[in-house]
Amino acid sequence: MTESFDADWLLLREPADHAARPDALLATLRTALGGARGAGPLEVTDLGSGTGSNLRYLAPRLPGAQHWRLVDHDAGLLEAAAAPGAGVEIERRVGDLAADPVAALSGREALVTGAALLDLVSEDWLASLLAASVGQGATVLFALSFDGRIRWSDPHPLDAELEDAINRHQRSDKGFGPALGPAAAVACAAQLEALGYRVESCASDWRIDAEQAALGTALIDGWVRAASEVAPDRSAALQAWGEARAGSLARGAVELVVGHRDVLGWP
Ligand SMILES: C[S@@+](CC[C@H](N)C(=O)[O-])C[C@H]1O[C@@H](n2cnc3c(N)ncnc32)[C@H](O)[C@@H]1O
């Protein structure tokens with residue numbers, strides 16, 4: 001089963017995504033890319049780029065001219081992407097990443113990147129992609145992989161059940177084989193190290209309070225749907241949990257942390 005993502009959902013999550021990204025990785029990223037710089041623009045491929053959120057975050061934080069190749073199977077999402085400023089050109093490639101991760105690469109990348117993608121892919125898919133990326137000496141940055149943590153400032157008796165169901169759902173096939181789900185960032189770091197790369201990994205948690213109630217409500221609705229797929233007999237209880245949690249979040253009675261990790265690897 002392939003995954004489709006709504007443009008409105010990607011728009012809703014973008015401020016939380018950008019706020020979560022760790023500054024600590026940027027300095028290392030710039031240094032790694034500085035060493036790899038050739039005469040032309042910096043060649044970047046963004047896998048599962050959607051409408052270009054990763055481009056909008058990273059391009060202004062990287063120096064010099066850049067050529068971004070955006071790859072996604074959803075032509076409508078790609079169409080919404082635009083170059084975020086002078087000196088940044090974009091190329092859109094519509095293609096199914098699951099079919100062949102290596103075919104998505106041009107072979108010229110200084111940086112292979114992706115955001116909110118790795119939890120969808122399988123261990124084997126990741127191994128093929130990383131072997132190819134490392135083989136050409138590219139720096140690798142995978143941002144915002146969900147790490148399995150859904151933490152509330154004030155507990156509810158069903159929180160653990162919901163978290164467990166979500167993490168089981170995360171591991172189901174999203175079109176790439178059995179998904180890494182919450183193990184994605186750890187697997188990525190381990191594979192890069194095994195390939196001889198240096199690795200830095202940082203938390204990039206979402207912090208959601210009443211100010212992001214719309215994001216929180218959409219997230220909770222999605223969790224209740226996903227959890228009910230893996231535990232259909234618990235659907236009514238999960239629905240009640242979702243209503244209680246969305247209400248508390250909107251009232252400012254509770255805050256939510258959703259665990260994510262960014263992983264950077266370089267030669
Ligand atoms: C969670 S979204 C993240 C989008 C974007 N990177 C962002 O941060 O907003 C995952 C993206 O992966 C794309 N995707 C999922 N499966 C894919 C596949 N088999 N081939 C290509 N793209 C895929 C989706 O279309 C979607 O744009």
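As the structure lists them, so they are numbered: ligands from 1, and atoms in each ligand from 1.
The distance criterion of under 3.5 Å between nitrogen or oxygen atoms is met by A115 with respect to ligand 1. Ligand 1 has no nitrogen or oxygen under 3.5 angstrom from a nitrogen or oxygen of S53. At least one N/O-N/O distance between D72 and ligand 1 falls below 3.5 Å. Checked by distance only, ligand 1 and L97 come closer than 3.5 Å through their nitrogen or oxygen atoms. Where the criterion is an N or O separation shorter than 3.5 Å, residue side chain and backbone included, H73 meets it with respect to ligand 1.
Judged by distance alone, with hydrogens and angles left aside, the side-chain atoms of S153 form a donor-acceptor pair with the main-chain N or O of E255 at under 3.5 Å. Under a 3.5 Å cut-off, the side chain of R245 and the backbone N or O of D159 do not form any donor-acceptor pair.
Each of the following atoms of ligand 1 lies closer than 4.0 Å to a heavy atom of G95: 20 (N), 21 (C). Counting the atoms of ligand 1 from 1 in the order shown, those under 4.0 Å from a heavy atom of L77 are 25 (O), 27 (O). Listed by number with element, the atoms of ligand 1 under 4.0 angstrom from any heavy atom of A98 are 19 (N). Every atom of ligand 1 with a heavy atom of L117 under 4.0 Å away is listed here by number and element: 12 (O). Close contacts between ligand 1 and G50 involve ligand atoms 27 (O) [criterion: under 4.0 Å to a heavy atom]. Shown in contact with F176 at under 4.0 Å from a heavy atom are these atoms of ligand 1, numbered in order with element: 16 (N), 17 (C), 18 (C), 19 (N).
The closest approach between a heavy atom of G175 and any atom of ligand 1 is not below 4.0 Å. Remark: distances from the non-hydrogen atoms of G52 to ligand 1 are all 4.0 Å or more.
Under the 3.5 Å distance criterion, with hydrogens and angles disregarded, a donor-acceptor pair is assigned to the side chains of S204 and D262. Of the N and O atoms on the side chains of E109 and S106, at least one donor lies less than 3.5 Å from an acceptor on the other residue. There is no side-chain donor-acceptor pair under 3.5 Å between D154 and S248. A donor-acceptor contact closer than 3.5 angstrom links the side chains of R21 and N54.
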(request) Please step through side-chain contact (heavy atoms from CB on, under 4.5 Å) for the pair W206 and D17, ending with a clear verdict. (result) CA-CA 7 Å; W206 280 357; D17 279 342; 2.8 Å; yes
(message) salt bridge (Lys or Arg N to Asp or Glu O under 4.0 Å), that's the test. Do E200 and R198 meet it? Break it down for me.
(response) CA-CA 7 Å; E200 225 173 280; R198 284 175 285 178; over 6 Å; no
